[in-house]
S.K.: 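Quick one: this structure, given as structure tokens, is what I'll be asking you about.
Throughout, protein chains are lettered first and strands after them, A, B, ... in sequence-line order, and every chain is numbered starting at 1. In what follows, every heavy atom counts, from backbone to side chain, and hydrogens, waters and symmetry copies are set aside. All values derive from a computational prediction rather than experimental measurement.
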Number of protein chains: 2
Amino acid sequence: MLNDFPLTLKKLNLKVTPKRLAILEILLKESVYLSPEEIWKKMKKRFNRIGLPTVYRNLEELSEGNIISKINHPNRQLYYYLCQNRSHHHHFICLSCRKVEDISFCAAKEIEGEVKRNIRGKILSHILQVNGLCKNCLEKKG
Amino acid sequence: MLNDFPLTLKKLNLKVTPKRLAILEILLKESVYLSPEEIWKKMKKRFNRIGLPTVYRNLEELSEGNIISKINHPNRQLYYYLCQNRSHHHHFICLSCRKVEDISFCAAKEIEGEVKRNIRGKILSHILQVNGLCKNCLEKKG
DNA sequence: AATTTAAATGAAAACCATTTCTACTTAATC
DNA sequence: GATTAAGTAGAAATGGTTTTCATTTAAATT
Ligand SMILES: [Zn+2]
Ligand SMILES: [Zn+2]
Ligand SMILES: [Zn+2]
Ligand SMILES: [Zn+2]
């Protein structure tokens, strides 16, 4: 279930193409967030012909379908991460080695309450992300 | 204190220039987030010569100095907002009319605990933002 | 008030990550 | 296998943002 990618794609009404599967496989193998170009470079090892726009398109679609997460990086470039944890949660990202770790705490409930009570608007999405240095990177510096 | 901009700039070791003051004044007047180009257009009404890079540079510096907030927008463009609330808090942003409203709830404490306990890393920053439709925009649609 | 110095600025150009376009290919359905 | 809508490659365009560098300005120092 966790990585029956063909099924996952079908559920999103996306065709099961070798390139889509490869993008997911590449991301699954990584414990760090990757840029579209980095994923493209890895794809070039598997396919003779593979365009960068294909990688961008697919990453956007997969992100739209909540299969992969978009990372909010201070340098404002795009990064993606495939998390095997399928329940709602957020991320701690290492700004040095790019490692991604799960944060189970989510303020969604409390915030929903506050938005209902005071703002009286409709929530469409929320971002919660912690940026820092992971254990390994901290120890290297010390 | 709240808008003694010259003093604020001095504290950041930034020179008190008419253009910096104007950028702050423009932002202070707005209850919505603005793009650098939008701010530049407003600046052109006040100055004969005003370059877009100057606006970008100053916005970045002011954001770095925590005088203004950078907005995380789904379209990935830069937007800034000057919030008069000087205590730590986060924002609800309307994706339709761009209104920004304060959310006092912040999960920082809980997250800090979780990062200390499980991740054992160092937190450098955190993002918490709620995107949605404000009360006014909801009612317009209904 | 004049001098000095580092910071700020404008204009033009560069940058470059991302998107668009078009012709071609492929997956899925029957 | 034929059909059709979706996916793709490659090249080019896009456009928000940053860099460069010569000039100007703020503000500290005489
Ligand atoms: Zn790390
Ligand atoms: Zn995760
Ligand atoms: Zn609104
Ligand atoms: Zn605020």
Side-chain angles (χ1 to χ4, degrees), chain A residues 4-26 33-65 67-68 70-80 98, chain B residues 4-26 33-65 67-68 70-80 98:
Chain A
D4 184 349
F5 292 144
L7 181 62
T8 303
L9 291 176
K10 277 170 195 156
K11 280 184 183 165
L12 294 176
N13 291 314
L14 296 174
K15 288 189 181 174
V16 181
T17 68
K19 294 181 178 170
R20 280 200 177 119
L21 293 173
I23 288 175
L24 287 168
E25 284 162 14
I26 286 168
Y33 49 89
L34 296 175
S35 71
E37 188 165 359
E38 286 162 347
I39 294 165
W40 179 53
K41 280 175 184 160
K42 289 174 190 289
M43 294 286 280
K44 287 207 264 192
K45 291 176 184 163
R46 300 205 199 185
F47 300 93
N48 306 327
R49 308 178 79 219
I50 170 69
L52 187 51
T54 298
V55 176
Y56 271 92
R57 270 190 309 257
N58 280 307
L59 289 170
E60 179 56 30
E61 286 163 350
L62 294 169
S63 162
E64 206 60 34
I67 305 307
I68 63 178
K70 222 178 246 186
I71 302 294
N72 281 277
H73 200 278
N75 73 8
R76 299 178 34 77
Q77 282 190 221
L78 273 176
Y79 294 101
Y80 292 96
R98 296 177 167 201
Chain B
D4 182 349
F5 292 144
L7 180 62
T8 303
L9 292 175
K10 277 171 195 154
K11 279 184 185 169
L12 294 175
N13 290 314
L14 296 174
K15 288 188 180 173
V16 181
T17 67
K19 296 185 177 167
R20 282 202 175 116
L21 292 174
I23 288 174
L24 287 168
E25 283 162 15
I26 286 168
Y33 50 88
L34 296 175
S35 70
E37 189 167 358
E38 286 163 347
I39 295 165
W40 180 53
K41 281 175 183 160
K42 290 175 190 289
M43 293 285 282
K44 286 206 267 192
K45 291 176 184 161
R46 300 205 200 185
F47 299 93
N48 306 327
R49 307 178 79 224
I50 171 67
L52 187 50
T54 297
V55 176
Y56 271 92
R57 275 188 301 250
N58 279 307
L59 289 170
E60 179 56 29
E61 287 163 348
L62 293 169
S63 162
E64 206 60 35
I67 306 307
I68 63 179
K70 222 178 246 185
I71 301 294
N72 282 277
H73 200 277
N75 74 8
R76 296 174 38 72
Q77 282 189 221
L78 275 174
Y79 294 101
Y80 292 95
R98 300 178 165 199

S.K.: Nearest-Å distance, NZ (A:K15) to C1' (D:dA6)?
M.R.: 4 Å
S.K.: Taking the side chain as everything from C-beta on, heavy atoms only, tell me whether B:L12 gets closer than 4.5 Å to B:E64.
M.R.: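 Not touching, per the 4.5 Å side-chain cut-off.
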S.K.: By salt bridge (Lys or Arg N to Asp or Glu O under 4.0 Å), which residues pair with B:E25, not counting sequence neighbours?
M.R.: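 Scan of B:E25 (salt bridge (Lys or Arg N to Asp or Glu O under 4.0 Å), adjacent residues dropped) gives B:R46.
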S.K.: To the nearest 10 degrees, what angle separates the axes at the start and end of the helix from C:dA1-D:dT30 to C:dC30-D:dG1, five pairs each?
M.R.: 40°
S.K.: Go through residues 37-50 of chain A and report each residue with a non-hydrogen atom lying under 4.0 Å from DNA chain D, sorted by number.
M.R.: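 Going residue by residue through residues 37-50 of chain A, the ones with a heavy atom under 4.0 Å of DNA chain D turn out to be A:R49, A:I50.
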S.K.: Mind checking side-chain contact (heavy atoms from CB on, under 4.5 Å) for A:K44 and listing every partner two or more places apart, or none if nothing turns up?
M.R.: A:W40, A:I50
S.K.: So, does B:K10 get its side chain near the phosphate of D:dA27, meaning an N or O under 4.0 Å from OP1 or OP2?
M.R.: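 For B:K10, the contact criterion (side-chain N or O under 4.0 Å from OP1 or OP2 of D:dA27) is not met.
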S.K.: Taking for each residue the nucleotide of DNA chain D bearing the nearest heavy atom, is the 5' side occupied by B:V16 or by B:R76?
M.R.: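 This one resolves to B:R76.
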S.K.: In this structure, how many angstroms lie between the P atom of D:dA5 and the CG atom of A:L14, rounded?
M.R.: 17 Å
S.K.: Residues two or more places apart in sequence or in another chain: which of them pass salt bridge (Lys or Arg N to Asp or Glu O under 4.0 Å) with A:K42?
M.R.: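 A:K42 satisfies salt bridge (Lys or Arg N to Asp or Glu O under 4.0 Å) with A:E30 only.
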S.K.: In the structure I gave you, are the side-chain heavy atoms of A:R98 and A:E38 within less than 4.5 Å of one another anywhere?
M.R.: yes
S.K.: Once you round to the nearest 0.5 Å, how far does CD1 of B:I71 lie from CD of B:Q77?
M.R.: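 Between atom CD1 of B:I71 and atom CD of B:Q77 there are 13.5 Å.
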S.K.: Where is the tightest heavy-atom contact between B:Y79 and B:S35, given as atom of each residue plus distance?
M.R.: CD2-N, 3.6 Å
S.K.: Do the side chains of B:L24 and B:T8 get nearer than 4.5 Å, heavy atoms only?
M.R.: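 They are not in side-chain contact.
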S.K.: Go nucleotide by nucleotide along DNA chain D from the 5' end; which of B:P36 and A:T17 gets its closest nucleotide reached first?
M.R.: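 Checking each residue's closest nucleotide, the 5'-ward one belongs to A:T17.
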S.K.: What contact category does B:P18 fall into here, base, sugar-phosphate, or nothing, at under 4.0 angstrom with non-hydrogen atoms?
M.R.: sugar-phosphate
S.K.: When rounded to the nearest 0.5 angstrom, what is the spacing between CG in A:L34 and CD1 in A:I68?
M.R.: 10.0 Å
S.K.: Hey, can you pull the residues of residues 52-62 of chain A with a non-hydrogen atom under 4.0 angstrom from DNA chain D?
M.R.: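 Per residue number, the list reads A:P53, A:T54, A:R57, A:N58.
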S.K.: With a 3.5 Å cut-off and sequence neighbours excluded, list the donor-acceptor pairs that the side chains of residues 51-62 of chain B form with protein atoms.
M.R.:
residue: B:T54; atom: OG1; partner: B:R57; partner atom: NH2; Å: 3.2
residue: B:N58; atom: OD1; partner: B:R20; partner atom: NE; Å: 2.7
residue: B:N58; atom: ND2; partner: B:T54; partner atom: O; Å: 3.0
residue: B:E60; atom: OE1; partner: B:K70; partner atom: NZ; Å: 3.2
residue: B:E61; atom: OE1; partner: B:R20; partner atom: NH2; Å: 3.0

S.K.: Just to verify, what does B:T17 make a side-chain hydrogen bond (donor to acceptor under 3.5 Å, both in side chains) with, not counting sequence neighbours?
M.R.: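 Checked B:T17 against side-chain hydrogen bond (donor to acceptor under 3.5 Å, both in side chains); zero matches.
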S.K.: A:F5 and side chain to side chain contact (heavy atoms under 4.5 Å, CB included): which partner among A:V16, A:L21, A:I67?
M.R.: A:L21
S.K.: On DNA chain C, reading 5' to 3', which nucleotide is the first and which the last to sit with an atom under 4.0 Å from a heavy atom of chain A, could you check?
M.R.: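 Listing 5' to 3', DNA chain C meets chain A from C:dA17 to C:dA28.
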S.K.: Using side-chain hydrogen bond (donor to acceptor under 3.5 Å, both in side chains) as the criterion, list what pairs up with B:Y33, not counting sequence neighbours.
M.R.: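 If we apply the side-chain hydrogen bond (donor to acceptor under 3.5 Å, both in side chains) test to B:Y33, skipping adjacent residues, the hits are B:H73.
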